Asker: 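Have a look at this one.
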Amino acid sequence: QKEVEQDPGPLSVPEGAIVSLNCTYSNSAFQYFMWYRQYSRKGPELLMYTYSSGNKEDGRFTAQVDKSSKYISLFIRDSQPSDSATYLCAMSARSDTGRRALTFGSGTRLQVQP
Amino acid sequence: DSGVTQTPKHLITATGQRVTLRCSPRSGDLSVYWYQQSLDQGLQFLIHYYNGEERAKGNILERFSAQQFPDLHSELNLSSLELGDSALYFCASSELQGALTDTQYFGPGTRLTVL
């Protein structure tokens, strides 16, 4: 079993829809959670990060973490065709020097139809 | 543009060969991370260097090695290449040595094809 599980999709939604992307994890030591967006033939770019359970909002994006269920989500409101990309969740645990290496989900491919 | 540069963009080579991938981190960043992204394995952490010193190793094969030079650029060396090494190789950089608030910025990647 992988430490981080993510549905690969593809997920196809109409423009303006609310998108929900999710990851589950098995390692209870994970404390630091991120979402990256990766456009085709590009490197991943950081969208949001959070340390704690609860919600964090940034514009149209909301990251949600439920440590008790080992479940994280990314919500995209008013989705746009430019949001079409692969979304990767990533997480890491604390180490003596700060933070251990990132463990990524396999990514969910999102297609927003105009 | 993240500020991280990688060369070459594409590399096509044969099995058994050796290649070197190069990464220049963002100005001021001391940490360099290497990742491999393949269709079946997703994005896998390979190795982390901070200011010239190896800090952490992930799923890096013994045929692969890396180093970070005094000017902070890094090279990933892949030898005795196999078909299964075909993948995208990403470099990322960050300011610190992996603190909780340390954001990694990814380069555009090198696409390696082993024939």
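The figures here come from the full heavy-atom set of this structure, side chains too, leaving out hydrogens, waters and symmetry mates. By convention in this document, chain letters (A, B, ...) are assigned in the order of the sequence lines, proteins followed by strands, and residues within each chain are numbered from 1. Values in this document were obtained by computation on a predicted structure and should not be read as measured data.
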Asker: For the atom pair OH (A:Y49) and CD (B:Q104), what is the distance rounded to the nearest 0.5 Å?
Answerer: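 Nearest 0.5 Å value for the OH-CD distance: 13.5 Å.
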
Asker: Quick one: what part of A:Q6 sits under 4.5 Å from any heavy atom of chain B, side chain, backbone, both or neither?
Answerer: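 No part of A:Q6 comes within 4.5 Å of chain B.
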
Asker: In terms of hydrophobic clustering (I, L, V, M, F, W, Y; side-chain heavy atoms under 4.5 Å; direct or indirect links), are A:F33 and A:F75 co-clustered?
Answerer: no

Asker: Measure the NZ-CG distance between A:K42 and B:D1 for me, rounded to the nearest 0.5 Å.
Answerer: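 It is 8.5 Å, given to the nearest 0.5 Å.
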
Asker: Using the side-chain hydrogen bond (donor to acceptor under 3.5 Å, both in side chains) criterion, which residues pair with A:E45? Sequence neighbours excluded.
Answerer: A:R37

Asker: Take B:Y35 and A:F104 through the test side chain to side chain contact (heavy atoms under 4.5 Å, CB included) and record every step on the way to the result.
Answerer: CA-CA 10 Å; B:Y35 292 86; A:F104 281 85; 3.6 Å; yes

Asker: Atom CZ in A:R41, atom CZ in B:R111: separation rounded to 0.5 Å?
Answerer: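 Going from the CZ atom of A:R41 to the CZ atom of B:R111 covers 5.0 Å.
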
Asker: Which answer fits B:Q44, side chain, backbone, both or neither, if we ask what part of it has an atom under 4.5 Å from a heavy atom of chain A?
Answerer: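 When you check distances to chain A, no heavy atom of B:Q44 falls under 4.5 Å.
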
Asker: Let me confirm one number: the OG1-CG distance from A:T103 to B:L43, rounded to the nearest 0.5 Å.
Answerer: 10.5 Å

Asker: I'd like to know if A:Y36 and B:Y105 are part of one continuous hydrophobic network [Ile/Leu/Val/Met/Phe/Trp/Tyr, side-chain heavy atoms within less than 4.5 Å].
Answerer: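 Each belongs to a different hydrophobic cluster.
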
Asker: Would A:V4 and B:L46 show up in the same hydrophobic cluster when neighbours are defined by side-chain heavy atoms closer than 4.5 Å?
Answerer: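 A:V4 does not cluster with B:L46.
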
Asker: Is there a path of hydrophobic side-chain contacts, each under 4.5 Å between heavy atoms of I, L, V, M, F, W or Y residues, that connects A:L11 with A:L47?
Answerer: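 Yes, A:L11 and A:L47 fall within the same hydrophobic cluster.
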
Asker: Is B:F90 close to chain A through its backbone or its side chain, or both, or neither, when contacts mean heavy atoms under 4.5 Å?
Answerer: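 The side chain, not the backbone.
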
Asker: Hey, is CZ on A:R109 packed in by over 12 heavy atoms from elsewhere, all under 6.0 Å?
Answerer: no

